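Computed from a predicted model, the values in this text were never measured in an experiment.
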Amino acid sequence: MVNSQDGKNMSWMGKIIGSAFGLLVGGPIGAVFGASVGHQFDRGLSSMGQNHTLGNQHQQNIQAAFINASFSVMGHIAKADGVVSPAEINMAKAIMDEMQLTPDQRSKAVELFQAGKKSDFQLEEVLTNFRHTCRKRQDLIHAFLRIQVQAAYADGTLENVEEQLLLHMCSRLGISRFEYQAIKMQFQTQHRFN
């Protein structure tokens, strides 16, 4: 049986995907609408998880893989141009807030971000694990890429080294160049609009 705390810890996935998509498509109002739709999705998953312990464990594994990949790769991208800016750190904190991470999860996310900045960071291993765990969840793979595009633009510019990293991630995660360009254009449009 799933306890209520587990249910609360699992309640961010739909909201983050919904708000990220909504923000790209409809700006701040779209983000609110997307988060609302995502919340309904989360509620459905939560009730399913209470009836299926095995499904709940699988869901927790997917969420852990998503958090691990998202924050460690975010740190890697932030450090790619040589300097981690305050804007990049603030963006990582904002995503932690959006995901409604518990204090323990937040602490882990900070550790992951720091690990991603190190010169010996194992990007290939992280991407391989993430793709393997989330291979049937293309929505999460796209949400991961949107977060990384947002991280790359956090300081206001997309450096060549950052774009090369993003393109490499796309090839490793099975995201076409067309899909990447569409996500990037959506973000650029929204960024200019705001």
Would you say Leu167 ends up clustered with Ile77 if hydrophobic residues are merged whenever their side chains have heavy atoms under 4.5 Å apart, either directly or through other cluster members? yes
With heavy-atom distances below 4.5 Å as the criterion, would you say the side chains of Val84 and Ile89 are in contact? yes
Got Val73 and Leu165 here, is their nearest side-chain heavy-atom distance under 4.5 Å? no
Would you mind reporting whether Leu166 and Lys184 have side-chain heavy atoms less than 4.5 Å apart? no
Do you know which two heavy atoms are closest between Ser72 and Val126, and how far apart they sit? OG-CG1, 3.8 Å
Can you measure from CG (Leu145) to CG (Leu140) and round to the nearest 0.5 angstrom? 12.5 Å
Do Arg131 and Arg172 make a side-chain contact, defined as non-hydrogen atoms from C-beta onward lying under 4.5 Å apart? no
Might you point out which heavy atoms bring His142 and Glu179 nearest each other, and give the distance in Å? NE2-OE2, 3.1 Å
Shortest non-hydrogen contact from Ala151 toward Met74: CB-CG, 3.5 Å
Testing the basics here: between Leu127 and Leu173, what is the closest heavy-atom pair and its distance to 0.1 Å? O-CD2, 3.9 Å
Show the nearest heavy-atom pair for residues Ile62 and Cys134, with the distance to one decimal. CG2-SG, 3.9 Å
Arg135: side chain to side chain contact (heavy atoms under 4.5 Å, CB included) partners, not counting sequence neighbours: His132
Quick check: do Asp155 and Val83 have side-chain heavy atoms less than 4.5 Å from each other? no
Side-chain donor/acceptor of Gln122 to backbone N/O of Asp120, under 3.5 Å: yes
Min side-chain heavy-atom separation Met99-Phe71 under 4.5 Å: yes
With a cut-off of 3.5 Å and sequence neighbours excluded, list every side-chain donor-acceptor pair involving residues 106-116.
from   : atom 1 : to     : atom 2 : distance (Å)
Arg106 : NH1    : Asp97  : OD1    : 2.8
Arg106 : NH2    : Asp97  : OD1    : 3.3
Gln114 : OE1    : Lys117 : NZ     : 3.0

Using a 4.5 Å cut-off on heavy atoms from C-beta on, say whether the side chain of Tyr180 contacts that of Glu163. yes
Would a distance-only check, ignoring hydrogens and angles, find a side-chain to backbone donor-acceptor pair under 3.5 Å from Ser70 to Ile67? no
Closest heavy-atom pair, Glu88 versus Asp81, reported as atoms and distance to 0.1 Å, is OE2-OD2, 4.5 Å
Walk me through it: do Gln150 and Met91 pass the test side chain to side chain contact (heavy atoms under 4.5 Å, CB included)? CA-CA 8 Å; Gln150 190 176 357; Met91 191 271 308; 4.0 Å; yes
Apply the test side chain to side chain contact (heavy atoms under 4.5 Å, CB included) to residues Gln105 and Gln100: give CA-CA distance (whole Å), side-chain angles for both, the deciding distance (0.1 Å), then the verdict. CA-CA 9 Å; Gln105 290 171 325; Gln100 299 178 354; over 6 Å; no
Name all pairs fulfilling the ring-ring contact (aromatic ring centres under 6.0 Å, His included) condition that reach into residues 74-95, sequence neighbours left out, sorted by first residue then second. His76-Phe121
So among Asn61, Ile147, Thr133, which one has a side-chain contact (heavy atoms from CB on, under 4.5 Å) with Phe66? Ile147
